[in-house]
Amino acid sequence: QVPLVESGGGLVQAGGSLRLSCVASERTIATYAMGWFRQAPGKEREFVAGINWAGGFTSYKDSVKGRFIISRDNAKNTVYLQMNSLKPEDTAVYYCNRLRYRGATEGMDSWGKGTLVTVSS
């Protein structure tokens with residue numbers, strides 16, 4: 001298990017941007033693929049974006065392609081999710097997690113508290 005802390009959420013108008021951060025404070029995540037997930041009210045948690053350990057391979061849920069960018073800074077043990085052109089349907093609690101392998105869409109570890117993103121119309 002790798003404890004992860006998500007931050008950067010908030011209230012934003014449609015069309016706006018936010019950058020989420022995910023920090024691992026107790027263990028390095030530099031050798032792991034990482035992913036962002038989200039859970040909207042009344043819905044199941046879903047995969048949003050993933051990145052391999054070196055940052056050279058990324059994958060996205062179709063509905064966020066071209067709007068969201070996942071990146072990482074292994075020296076800071078941090079993964080980011082830049083969210084642009086936000087839509088009300090992006091409203092959700094966002095979580096990060098380790099991925100078992102590049103291209104995976106399920107998290108390995110227990111879920112943290114996440115960070116709430118609310119997009120107003």
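Other residues, nucleotides and ligands contribute more than 12 heavy atoms inside 6.0 Å of the CD atom of Gln1.
If you take CE on Met83 and CG on Leu18, they are separated by 4.5 Å, rounding to the nearest 0.5 Å. To the nearest 0.5 Å, the span separating CD1 on Ile70 from CD on Gln82 amounts to 12.0 Å. Phe68 CZ to Thr58 OG1: the interatomic distance, rounded to the nearest 0.5 Å, is 14.0 Å. Atom CE in Met34 sits 9.5 Å away from atom OG1 in Thr78 (nearest 0.5 Å). Atom-to-atom distance recorded for Ser63:OG and Glu89:CD is 8.0 Å, nearest 0.5 angstrom. Ile29 contributes atom CD1, which lies 6.0 Å from atom CG of Leu4 (distance to the nearest 0.5 angstrom).
Counting only residues at least two apart or in different chains, side chain to side chain donor-acceptor pair (under 3.5 Å) contacts with residues 30-42 comprise Arg27-Tyr32, Tyr32-Arg98, Arg38-Glu46, Arg38-Asp90, Arg38-Tyr94. The list of disulfide (SG to SG under 2.5 Å) pairs with a residue in residues 13-88, not counting sequence neighbours, reads Cys22-Cys96.
In this structure Trp111 satisfies the ring-ring contact (aromatic ring centres under 6.0 Å, His included) test together with Phe37, Tyr95, sequence neighbours excluded. Not a single salt bridge (charged side-chain N to carboxylate O under 4.0 Å, His left out) links Lys87 to another residue, sequence neighbours left out.
Leu11 belongs to no hydrophobic cluster, as no Ile, Leu, Val, Met, Phe, Trp or Tyr side chain comes under 4.5 Å of its own.
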Kindly list each side-chain donor-acceptor pair under 3.5 angstrom involving residues 114-121, sequence neighbours excluded, with atom names and distances?
from   : atom 1 : to   : atom 2 : distance (Å)
Thr115 : OG1    : Gly9 : N      : 2.9

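Contact of the Asp73 side chain with the Tyr80 side chain is registered, since non-hydrogen atoms from C-beta on lie closer than 4.5 Å. Contact of the Val2 side chain with the Thr28 side chain is not registered, since no non-hydrogen atoms from C-beta on lie closer than 4.5 Å.
Closest heavy-atom contact between Ala104 and Phe47: O-CE1, 3.7 Å.
Neither Leu81 nor Val93 shares a network with the other; the hydrophobic side chains, linked directly or stepwise wherever heavy atoms of I, L, V, M, F, W or Y lie under 4.5 Å apart, form separate groups for each.
Judged purely by atom type and a 3.5 angstrom limit, Asn97 uses its side chain to pair as donor or acceptor with the backbone of Asp109. In terms of modelled atom types and a separation under 3.5 Å, the side chain of Arg102 and the main chain of Asn52 share no donor-acceptor contact. With hydrogens and angles ignored, the 3.5 Å screen pairs a side-chain donor or acceptor of Asn77 with a backbone N or O of Ala24.
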